[in-house]
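Everything below concerns the one structure shown next.
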There are 2 protein chains.
Amino acid sequence: MNGRPVTIQDVAREAGVSTATVSRTLSKPSVVAKPTRQAVLRAVQKTGYQVNHLARNLRRQRTGSVIALAPNLANPFFSQILAGMSAVLSARNYGLLIADTQMGPDPDERLRRYLASGMADGLVLFDGGLSPAALDVPGRPPVVAACEWLAADLPSIRVDNAHGAALAVDHLAGLGHRRIGHVTGPRTNVLARARKAGWREAMARRGLPAPDAWLFEGDFSMDSGALAAERWAAAPDRPTALFFASDEMAVGFLGALRRIGAQAPRDVSVVGFDNIEVCAHLSPALTTIRQPRTLIGERAAFLLLELIAGGTGEGIEGLVEVELVVRDSTAPPV
Amino acid sequence: MNGRPVTIQDVAREAGVSTATVSRTLSKPSVVAKPTRQAVLRAVQKTGYQVNHLARNLRRQRTGSVIALAPNLANPFFSQILAGMSAVLSARNYGLLIADTQMGPDPDERLRRYLASGMADGLVLFDGGLSPAALDVPGRPPVVAACEWLAADLPSIRVDNAHGAALAVDHLAGLGHRRIGHVTGPRTNVLARARKAGWREAMARRGLPAPDAWLFEGDFSMDSGALAAERWAAAPDRPTALFFASDEMAVGFLGALRRIGAQAPRDVSVVGFDNIEVCAHLSPALTTIRQPRTLIGERAAFLLLELIAGGTGEGIEGLVEVELVVRDSTAPPV
DNA sequence: TTCGGCGCTGCAATCGTTTGCACCGGAAGC
DNA sequence: GCTTCCGGTGCAAACGATTGCAGCGCCGAA
């Protein structure tokens with residue numbers, strides 16, 4: 001009825017007890033006597049009391065929320081990860097704040113500001129392009145890196161990129177390909193680097209050459225994949241198969257390929273990375289390395305909560321497995 | 001050096017003034033004398049003081065963040081909208097909390113809880129499937145509906161769905177199609193309904209029949225689009241063109257189409273809705289109705305901030321325009 | 001009867017800011 | 001010289017919860 005929000009005082013008055021008792025009834029019901037507890041609960045019902053999170057958190061010296069810092073929120077790749085995080089966090093009454101690193105002029109500075117601001121109890125970092133120096137903030141909250149990260153000592157949820165690359169190369173080699181190229185992600189990105197290194201390694205392990213001429217530079221985007229198609233078509237000694245550092249690039253590649261009259265897997269076999277939803281619906285459907293994105297989000301959330309609670313995070317497996325999903329974009333070379 | 005975070009008291013002591021003066025220096029610099037101001041700023045620098053948002057917000061009786069409530073965070077459609085919101089909000093020092101309506105058992109109840117919890121100063125609602133009754137919370141914060149919404153009196157950012165449908169139909173009819181079908185979104189979704197109604201209306205305006213036989217039910221997902229392909233192929237008297245309530249369904253349709261040996265636009269013209277990124281990279285590239293998603297996010301954020309500030313939101317245009325993007329998936333019927 | 005212990009409850013300090021109000025000194029007006 | 005402002009500052013009360021500590025009543029044991 002009243003415009004003023006109902007406080008713990010109102011409940012206390014209604015129930016005829018002190019605010020302390022109300023507070024305890026709500027947080028540690030076991031310590032308050034049953035009749036009192038019931039009276040308080042009735043008063044809570046009657047008044048429609050909702051705790052004021054700000055006041056509670058101020059007192060408890062925590063914020064009750066965590067930040068997810070992604071390089072580009074518009075990138076659909078993250079939405080599923082965020083969904084996984086959100087599920088875990090909201091079940092534990094934590095809020096999920098999201099922010100974009102790449103908006104202002106200085107991403108590193110933004111990260112530093114978020115860490116220092118005390119706006120959250122912890123932070124999950126998805127941007128593999130930031131400088132580790134930005135983490136050097138005096139009383140900073142726990143940070144989980146949800147991507148391979150230069151600073152190895154940071155608790156992290158990592159995808160086994162090298163293994164993914166090996167799966168791709170082995171699959172293609174198993175089909176009989178010997179000239180397997182790679183389309184890279186952005187040069188500064190740690191994930192992109194790991195996948196490239198994985199490709200190199202897997203090729204070497206198989207005794208296959210991996211010359212720079214079979215390397216096409218991309219930036220994870222569809223457009224860069226389309227560009228790679230033109231460059232691939234124009235190459236003198238072109239690979240019969242390509243491993244892409246991201247599905248999006250592979251998608252762009254496939255589209256551009258068709259437009260120039262070529263076709264996968266007839267003219268070139270294609271393996272992506274991520275298993276984004278569209279893969280299965282393309283034609284040819286895209287063979288790819290599946291990254292369990294929901295799981296990544298969940299793990300990252302668990303790990304962060306563990307760290308916030310003062311744990312070491314030892315109990316949580318940091319490496320998530322990837323797997324090969326074979327579809328129609330790969331076939332033996334003609 | 002010290003583990004304890006530095007408070008406004010520390011700054012005051014360092015600068016030799018009262019906390020009140022420090023606070024004023026930081027929020028309303030004009031009211032404090034220049035020398036004092038400088039001394040305070042120097043102390044802030046020296047101590048590395050950061051305001052405690054919790055304390056500030058508790059005192060100011062606001063939370064400094066807003067919630068975006070989406071039906072399914074894993075849906076990439078929202079990520080770009082969120083990016084738009086995030087840009088506007090973070091520029092104004094507001095935080096963006098995100099939450100999923102469809103996770104627990106009772107979505108309406110979740111909405112009600114968020115509204116009552118006082119966790120945010122406002123809320124943007126993206127879920128067209130919730131019940132308006134869930135908004136009936138005593139002292140609830142401002143809510144902006146970022147989708148057409150049953151309760152017409154809610155401030156909202158709307159896309160002109162009917163107009164979008166008309167653009168699609170007119171484009172197809174202009175190419176010479178007379179049998180134009182529609183693949184719908186989920187039956188309970190307001191957006192889906194509006195698009196369907198728009199299709200009906202546009203067909204009627206052109207004097208074209210729009211029998212239920214040309215209507216294929218979907219749920220916005222790629223899978224449902226693929227399913228529509230089978231049903232379309234099996235239909236006795238099938239449309240020569242299809243207007244889809246979402247791009248994702250159109251993508252699924254195109255993939256499945258190829259798999260059954262048919263092809264767009266030769267066998268059927270296809271128009272999607274949304275203009276998701278992949279459209280341009282498919283082959284055939286997908287003709288679609290563009291929804292300016294970043295703009296939607298920005299508008300929603302502006303409107304909400306306006307409402308939070310006590311304004312009426314009159315100044316902000318609630319209807320965002322859509323436009324036809326012609327690509328290769330549409331052509332005259334054979 | 002006294003006393004220790006225990007289960008429950010209340011008092012009051014505390015979290016870190018903001019802000020209404022009072023105060024103070026100096027300049028200006030009479 | 002006495003009031004009247006007025007710019008600038010500090011005091012202290014909020015904001016709404018949590019929680020250490022103390023007190024109270026009651027029960028059982030000595």
Side-chain angles (χ1 to χ4, degrees), chain A residues 2-41 43-44 47-65 93 116-121 139 141, chain B residues 2-41 43-44 47-65 93 116-121 139 141:
Chain A
N2 198 326
R4 195 173 51 71
V6 22
T7 77
I8 202 172
Q9 317 267 4
D10 302 324
V11 179
R13 203 174 312 118
E14 175 72 30
V17 297
S18 74
T19 62
T21 300
V22 176
S23 176
R24 279 189 279 254
T25 307
L26 264 27
S27 52
K28 297 202 292 275
S30 62
V31 305
V32 14
K34 193 161 178 189
T36 323
R37 199 191 318 161
Q38 287 176 334
V40 170
L41 291 179
V44 167
T47 54
Y49 171 69
Q50 295 273 141
V51 318
N52 179 321
H53 290 82
L54 264 66
R56 161 182 299 193
N57 290 334
L58 173 59
R59 180 59 225 249
R60 288 211 181 142
Q61 297 275 63
R62 44 158 254 173
T63 70
S65 51
N93 276 317
S117 72
M119 286 183 353
D121 300 330
Chain B
N2 198 323
R4 197 173 50 72
V6 22
T7 75
I8 202 171
Q9 316 266 4
D10 302 324
V11 179
R13 202 175 311 117
E14 175 70 31
V17 297
S18 74
T19 61
T21 301
V22 176
S23 175
R24 280 190 277 255
T25 306
L26 264 26
S27 53
K28 299 202 294 275
S30 62
V31 307
V32 15
K34 195 162 178 188
T36 322
R37 201 191 316 162
Q38 288 175 334
V40 169
L41 291 179
V44 167
T47 55
Y49 171 69
Q50 294 272 141
V51 315
N52 178 319
H53 290 83
L54 264 65
R56 162 180 295 188
N57 290 334
L58 173 60
R59 178 60 225 241
R60 288 211 181 140
Q61 297 276 62
R62 43 158 252 171
T63 68
S65 51
N93 276 317
S117 71
M119 286 180 359
D121 300 331

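Scope of the values below: all heavy atoms of this structure, side chains included, with no hydrogens, waters or symmetry mates. Just so we're clear, the structure is a prediction, and the values are computed from it rather than from any experiment. Quick note on labels: first sequence line is chain A, next is B, and so on, each numbered from 1.
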Can you measure B:Ile8 atom CD1 to D:dG10 atom P for me and round it to whole angstrom units? 12 Å
In this structure, CG of B:Asn93 is separated from OG of B:Ser65 (nearest 0.5 Å) by 12.0 Å
So B:Ala20, base contact, sugar-phosphate only, or nothing? Heavy-atom distance under 4.0 Å. base
State whether the side chain of A:Thr36 and the backbone N or O of A:Val32 hold a donor-acceptor pair below 3.5 Å, judged by distance alone. no
Assign each of A:Val32 and A:Thr19 the nucleotide of DNA chain C bearing its closest heavy atom; nearer the 5' end lies the nucleotide of A:Val32
Any idea which of D:dA12, D:dG16, C:dC8 is nearest the A:Ala33 side chain? C:dC8
For a quick test of reading the model: is some side-chain N or O of B:Thr21 closer than 4.0 Å to OP1 or OP2 of D:dG10? yes
When you match A:Lys28 and B:Arg37 each to their closest nucleotide on DNA chain D, which lands nearer the 5' end? B:Arg37
Atom pair distance, as rounded to whole Å: CG in A:Asp121 and P in C:dC15: 18 Å
B:Asp121 and B:Thr63: side chain donor to acceptor below 3.5 Å: yes
Rounded to the nearest Å, what distance is computed from the NZ atom of residue A:Lys34 to the P atom of nucleotide C:dG7? 17 Å
So, the side chain of B:Thr21 versus the backbone of B:Val17: is there a donor-acceptor pair under 3.5 Å, distance only? no
So does A:Thr7 get a side-chain nitrogen or oxygen closer than 4.0 Å to the phosphate oxygens (OP1/OP2) of D:dG16? no
Could you give the angle between the helix axes at the two ends of the helix from C:dT1-D:dA30 to C:dC30-D:dG1, with five pairs per end, rounded to 10 degrees? 60°
Report the distance from atom CZ of B:Arg56 to atom C1' of D:dG16, rounded to the nearest whole Å. 18 Å
Would you compute the distance between atom CG of B:Asn52 and atom OG1 of B:Thr7 and round it to the nearest 0.5 angstrom? 9.5 Å
Check whether B:Thr19 reaches the backbone of B:Ile8 with its side chain - one donor and one acceptor, N or O, closer than 3.5 Å. no
So, does the side chain of A:Arg59 form a donor-acceptor pair with the base of C:dT14 at under 3.5 Å? yes
When rounded to whole Å, the CE to P distance for the pair A:Met119 and C:dT17 reads 15 Å
Rounded to the nearest 0.5 Å, what separation is found between the OG atom of A:Ser18 and the CD atom of A:Gln9? 10.0 Å
For B:Leu54 and D:dT18, what is the distance between atoms CG and P respectively, to the nearest whole Å? 13 Å
Could you check how far CG of A:Leu26 sits from C1' of D:dT19, rounded to whole Å? 15 Å
With a non-hydrogen cut-off below 4.0 angstrom, is A:Val22 in contact with a base, only sugar-phosphate, or nothing? nothing
Does a nitrogen or oxygen in the side chain of A:Gln61 sit under 4.0 Å from OP1 or OP2 of C:dT14? no
Interatomic distance, CG@B:Asn57 vs NE2@A:His53, rounded to 0.5 Å, equals 14.0 Å
For B:Asn57 and C:dT19, what is the distance between atoms CG and P respectively, to the nearest whole Å? 11 Å
Here's a test of your reading of the structure: between B:Ala55 and B:Arg24, which maps to the more 5' nucleotide of DNA chain D? B:Arg24
Does B:Tyr49 put a side-chain nitrogen or oxygen below 4.0 Å from OP1 or OP2 of C:dG16? no
Describe the nucleic acid contact of B:Ser23 in one word from base, sugar-phosphate, nothing, applying a heavy-atom distance below 4.0 Å. base
